[in-house]
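Written out below as structure tokens is the structure these notes cover.
The model shown is predicted, which means the values in this text are computed figures rather than measured ones. Chain identifiers are assigned alphabetically (A, B, ...) following the order of the sequence lines, protein sequences preceding nucleic acid strands; residue numbering begins at 1 within each chain.
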2 protein chains.
Amino acid sequence: MDPRLKKYLESTLKEVSIDCTIFGFHAGELKVLLLRWKGTDSWSLPGGRIFLEESANEAAVRILRERTGLQEIFLQQFYTFGAANRYKNFSPDELIKTLELTFGEDFFDEKLMKRNISIGYMALVEFEQVVATPDWYTDECRWWEISAVPTLLFDHNDMIETALKALRQQLSYQPIGYNLLPEKFTMPELQRLYETILDKQLDRRNFQKLMLSYDILEKLPEKRTGGAFKAPFLYKFDKEKYDRAIQEGITFKV
Amino acid sequence: MDPRLKKYLESTLKEVSIDCTIFGFHAGELKVLLLRWKGTDSWSLPGGRIFLEESANEAAVRILRERTGLQEIFLQQFYTFGAANRYKNFSPDELIKTLELTFGEDFFDEKLMKRNISIGYMALVEFEQVVATPDWYTDECRWWEISAVPTLLFDHNDMIETALKALRQQLSYQPIGYNLLPEKFTMPELQRLYETILDKQLDRRNFQKLMLSYDILEKLPEKRTGGAFKAPFLYKFDKEKYDRAIQEGITFKV
DNA sequence: GCAAAAGTGTTAGCTATACACCCATGT
DNA sequence: ACATGGGTGTATAGCTAACACTTTTGC
């Protein structure tokens, strides 16, 4: 076994780890960042272990930074997955084969097939700013459309499902968008974000009225040109008011 | 060390455990069930370890049953506490002294002072039905008024605080009361429950109108007598409709 | 009879929703 | 010119919130 891997395993918690559902928004689609395990066609959520002297939250920030290059973004725990058997999507044999391909034969029975509990974190990131970077145990790190996510290793499909539910719920008592949209965006873009997350159509006029009523947006004098239609105004979030709204928990009725 | 204790420690997860904030409601006060550690004056939340072949949720149900005698009640995960140092309320020396008093000198450094992550569960139970039962490591198990909870071991004061926040939030999109009140109760009793949890006064007429509008209550022909005032009607929850409301997530506007 | 607490209905203001026409832009 | 999508206001219904007097009961 690689001595660096050995050291990593020895300096981290063994029974509990972290998995991150990282949401991005691009071209009107909600996306999620996935990793392909070395030498396999199997995908999973980005995850990692917690160093002994590090809090779970710190570990989540670190993992997110390692995979996306970003920090200081929306990141929060949403559920801890503690089932005794979290390997439901594949038979034990299939899974062992995958893990052997990635880690070598001396690894899986020692460390990975044992009981493991995972703390699920959810992150919202600006798609364009992400530099998707694979792990030491993965070949590829890329965005998948939420509706096209393949069958993932472990219980990671459940995790995405649960994260999405938590995100939808969040939406109803906190503003969302600051970490998912570029600095400047149009009202229709913001609306499409909401429509995508909630998976339902909203009325343009009512949506705009509602968003403006929260007093967290600043209308810019510029417009976005380039389409064969009337140029929409650009907006940006007033970060101070936005943070206050998150703190105080505005009631978003979308 | 007690061989049964040794066996328990060997057949459970070491790095992650469970703590339960068990809420009860009695005499117009919200209460929480606490344990006093053997040979000490130190209190903590009821908690326990997860058996290797058991899910975290199953462990929580088991722990709750062991401490209260109840099962099939409202119980849910609300947060996982993953700070690197969760012993903030006492100095290491004080804590070691407490743990030595309870477990003997050969225990704490071996098992307990190591890094530990705790999954926080919250339960709502019918006060009158609880048979509060101490642990093998505790002398006493009893209810404390939420406002009179002493400084607890580890980060358990934070846990109660966080559980209470989660409970308040829950209140706004799900009915609450089935597991906290006796089978039959009056409208003012239900209102006091809500007022206690939310820590604010509500209007009697509006509260009644709202509760009745959810169509989860059944008005009984009986009244509660015994006070020097007009006898209030008794109600009970229509369990079927109540469960449906929980499932569908009614918007409670209190 | 008096104190304590419960029963009950109406109104005003606000919020959510439904809905349609005109305008700017690129092809 | 035309297709595409954006800008904008009003009317209605439903919900929330404020509010007071009468009734029952025990002492």
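Within the 4.5 Å cutoff, side-chain heavy atoms of Tyr121(B) are placed close to those of Asn57(B). Using a 4.5 Å heavy-atom threshold, the side chains of Cys20(A) and Leu45(A) count as separate.
In this structure, Lys219(A) reaches the dT8(D) phosphate: one of its side-chain N or O atoms is under 4.0 Å from OP1 or OP2. In this structure, Arg224(B) does not reach the dA5(C) phosphate: none of its side-chain N or O atoms is under 4.0 Å from OP1 or OP2. Applying the 4.0 Å criterion to OP1 and OP2 of dC21(C), one finds that Arg205(A) has every side-chain N and O outside that range.
Residue Lys209(B) places a side-chain atom within donor-acceptor reach of the base of dT10(C), judged by atom type and a 3.5 Å distance cut-off alone. Interface remark: the Lys230(B) side chain does not form any donor-acceptor pair with the dT8(C) base, using a distance-only criterion of under 3.5 Å. In this model, a side-chain donor or acceptor of Arg204(A) finds a partner on the base of dG7(D) within 3.5 Å.
The nearest whole Å value for the distance from the CG atom in Asn206(A) to the P atom in dG7(D) is 15 Å. What separates CD of Gln191(A) from P of dG7(D) is a distance of 10 Å, to the nearest Å. Taking atom CZ of Phe233(A) as the reference point, atom C1' of dT25(C) lies 14 Å away to the nearest angstrom. Between the C1' atom of dA18(D) and the CG atom of Leu210(B) lies a distance of 15 Å, rounded to the nearest Å. Counting to the nearest Å, the P atom of dG5(D) and the CD atom of Glu195(A) are 13 Å from each other. Regarding Met211(B), its CE atom lies at a distance of 11 Å from the P atom of dT16(D), rounded to whole Å. One interatomic measurement links the two molecules: CE of Met187(B) to C1' of dA5(C), which rounds to 15 Å at whole-angstrom precision. Rounded to whole Å, the distance from CG on Leu202(A) to C1' on dA18(C) is 14 Å.
A salt bridge links Glu140(A) with Arg142(A): the closest approach of a Lys/Arg side-chain nitrogen to an acidic carboxylate oxygen falls below 4.0 angstrom.
Taking the nucleotide of DNA chain D with the nearest heavy atom to each of Phe229(B) and Ala228(A), the more 5' of the two is matched to Ala228(A). DNA chain C is contacted by both Lys223(A) and Asp203(A); Asp203(A) maps to the nucleotide lying nearer its 5′ end (nearest heavy atom per residue).
A tilted orientation is assigned to the rings of Phe154(B) and His156(B), their planes being inclined by 30° to 60°. Under the 30°/60° scheme for interplanar angles, the aromatic rings of Phe127(A) and Trp143(A) are found to be tilted.
Comparing dT25(C), dA6(C), dA16(C) by their nearest atom to the side chain of Pro232(B) picks out dA6(C).
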